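Atoms within each ligand, like the ligands themselves, are counted from 1 in listed order. Since the model is a prediction, treat every value here as computed from it, not as a measurement.
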Amino acid sequence: MLILDGKIASLHVKEKLKAQTDSLVKSGLRAPHLAAIIVGNNGASETYVASKIKNCEEVGFASTLIRFSEDVSENDLLSKIKELNNDDAIDGILVQLPLPKHITEQKVIETIDPAKDVDGFHPVNAGKLVLGLPSFLPATPYGIMLMLEYFNIPAKGKHAVVIGRSNIVGRPMSILLSSNSKFGNATVTLCHSHTPNLKEICLQADILVAALGRPGFVTADMVKDGAVVIDVGITRVEDSTAKKGFRIKGDVQYNEVALKASAITPVPGGVGLMTIAGLLTNTMQAYQNRIKP
Ligand code: NAD
């Protein structure tokens, strides 16, 4: 059984980006620049954004963190995004989700210039993804594709089952796995909360992607012998014995499923790290698109 170690695969991506950045800077150009906006002080969001900024530093990117308090008005947030859209020194913009209830997430997503939308959430990029046109891919499914590529796990001709149909993970994942591309060409079944016989469908999966946000949902009796299992779930579960008072749990019962799988991602240390690799790769792409003469 192969552990799909996100540390190793993301390091490979980051080393390539660092080498590219170093050579850009050596040739007198500026480094790619990511702007991240965080609203309020949600603990998980703070952790994600801090990690994204730290990873920018590791590959030599410039980064700017913009903080707003929980009660910022939607208008002020949108104005800031427009300012960043018009700032030539900024290549990529991300707004950490979720946002407070008084702010409409879709409006925020649609205000980001699609050319700087390194999270790949803008309808223009989502539409291009569906049509197979070059676009910014949502960072998590992109990271998973980078992981399949790194570990040389082609999906071609296989049956991939994706659990979860969110716009940021499950649905784009199903599109990428079914796309006519080097690590695509799978036959994909997309399951969701209204799917009957989920267990029977999962048992047919050569590649099973769990992205539903229910800790430990996928058990060994749902997994075919030799399947590749990708666990996207990240849920904070209370644990008084843990230093922080919680533990991160995935959507898969790792210990029992690992005994049946041919390859499996750990949580933490799997898909989360690849999400950052996807984001950084998009930021480099945004930079390259923008500095083209
Ligand atoms: P979401 O809540 O937007 O979507 C969950 C999906 O799961 C829905 O489409 C729903 O239909 C489906 N679902 C829920 N219960 C189900 C059930 N019993 N049977 C079948 N389908 C069911 O969540 P999301 O934003 O896609 O995130 C999913 C998980 O992935 C969460 O744990 C989230 O924290 C995690 N996540 C991880 C990363 C990462 O980098 N590793 C990135 C994004 C999200």
Side-chain angles (χ1 to χ4, degrees), residues 4-7 9-10 13-14 36 42-55 94-99 105-106 109 118-121 126 129 136-148 160-177 188-205 208-219 221-223 229-238 246-254 264-282:
L4 302 172
D5 188 334
K7 225 184 235 170
S10 68
V13 175
K14 287 185 342 189
N42 174 295
S45 294
E46 290 279 356
T47 308
Y48 296 146
V49 169
S51 173
K52 288 167 187 175
I53 297 291
K54 180 172 155 271
N55 276 274
L94 77 83
V95 179
Q96 187 64 45
L97 303 179
L99 292 168
E105 278 185 6
Q106 195 55 30
I109 289 170
V118 286
D119 259 338
F121 296 162
L129 163 64
F136 294 114
L137 305 176
T140 300
Y142 187 18
I144 293 170
M145 296 308 284
L146 291 171
M147 179 178 252
L148 293 177
V161 172
V162 179
I163 318 175
R165 59 176 166 190
S166 73
N167 289 338
I168 62 168
V169 188
R171 193 176 299 281
M173 188 75 249
S174 71
I175 296 166
L176 286 172
L177 283 167
V188 179
T189 305
L190 180 58
C191 301
H192 46 77
S193 46
H194 295 277
T195 303
N197 311 325
L198 185 67
K199 182 177 165 187
E200 283 70 21
I201 297 170
C202 289
L203 276 168
Q204 294 167 25
L208 180 61
V209 182
L212 67 162
R214 293 184 177 234
F217 181 88
V218 176
T219 46
D221 61 343
M222 297 169 75
V223 177
V229 179
I230 310 286
D231 189 352
V232 184
I234 297 182
T235 307
R236 288 184 171 198
V237 179
E238 252 183 66
F246 65 85
R247 236 164 3 104
I248 302 293
K249 259 205 112 206
D251 287 346
V252 176
Q253 293 283 5
Y254 183 88
I264 185 167
T265 60
V267 176
V271 172
L273 298 172
M274 296 313 294
T275 296
I276 293 185
L279 171 75
L280 296 174
T281 308
N282 277 342

In terms of residue, atom name and distance, what is the protein heavy atom nearest to [atom]?
| atom | result |
| --- | --- |
| atom 23 (O) of ligand 1 | S166 CB, 4.3 Å |
| atom 12 (C) of ligand 1 | G164 CA, 3.8 Å |
| atom 40 (O) of ligand 1 | T275 OG1, 2.6 Å |
| atom 13 (N) of ligand 1 | L212 CB, 3.8 Å |
| atom 36 (N) of ligand 1 | V232 O, 3.7 Å |
| atom 25 (O) of ligand 1 | I168 CD1, 3.6 Å |
| atom 31 (C) of ligand 1 | G213 CA, 3.5 Å |
| atom 18 (N) of ligand 1 | F217 CE1, 3.5 Å |

message: Quick check on Q106: does its CD atom have over 12 non-hydrogen neighbours (other residues, nucleotides or ligands) under 6.0 Å away?
response: yes
When rounded to the nearest 0.5 angstrom, what distance separates [atom1] in [X] from [atom2] in [Y]?
| X | Y | atom1 | atom2 | result |
| --- | --- | --- | --- | --- |
| D5 | M274 | CG | CE | 10.0 Å |
| L99 | I109 | CG | CD1 | 8.0 Å |
| T275 | I234 | OG1 | CD1 | 6.5 Å |
| D231 | Q253 | CG | CD | 10.0 Å |
| L177 | M145 | CG | CE | 5.0 Å |

With a cut-off of 4.0 Å, which atoms of ligand 1 are near a heavy atom of [X]?
| X | answer |
| --- | --- |
| V169 | 26 (O), 43 (C), 44 (C) |
| H192 | 11 (O), 19 (N), 20 (C), 21 (N), 22 (C) |
| I163 | 20 (C), 21 (N) |

Residue portion contacting ligand 1 (non-hydrogen atoms closer than 4.0 Å) for [X]:
| X | answer |
| --- | --- |
| T140 | side chain |
| I234 | both |
| R214 | side chain |

Against ligand 1, does [X] come closer than 4.0 Å with any heavy atom?
| X | answer |
| --- | --- |
| G170 | no |
| T195 | no |
| C191 | no |

Short question: side chain of [X], backbone of [Y] - any donor-acceptor pair under 3.5 Å?
| X | Y | result |
| --- | --- | --- |
| N197 | E200 | no |
| T195 | L198 | no |
| D251 | L212 | yes |
| T281 | A277 | yes |

Stepwise side chain to side chain contact (heavy atoms under 4.5 Å, CB included) test for R171 and H192: CA-CA 10 Å; R171 193 176 299 281; H192 46 77; over 6 Å; no
task: Measure the shortest side-chain to side-chain distance between P138 and L129 over non-hydrogen atoms and say whether it is less than 4.5 angstrom.
output: yes
field: R165 N/O to ligand 1 N/O under 3.5 Å
entry: yes
- prompt: For atom 7 (O) of ligand 1, is some protein heavy-atom partner under 4.0 Å away?
  reply: yes
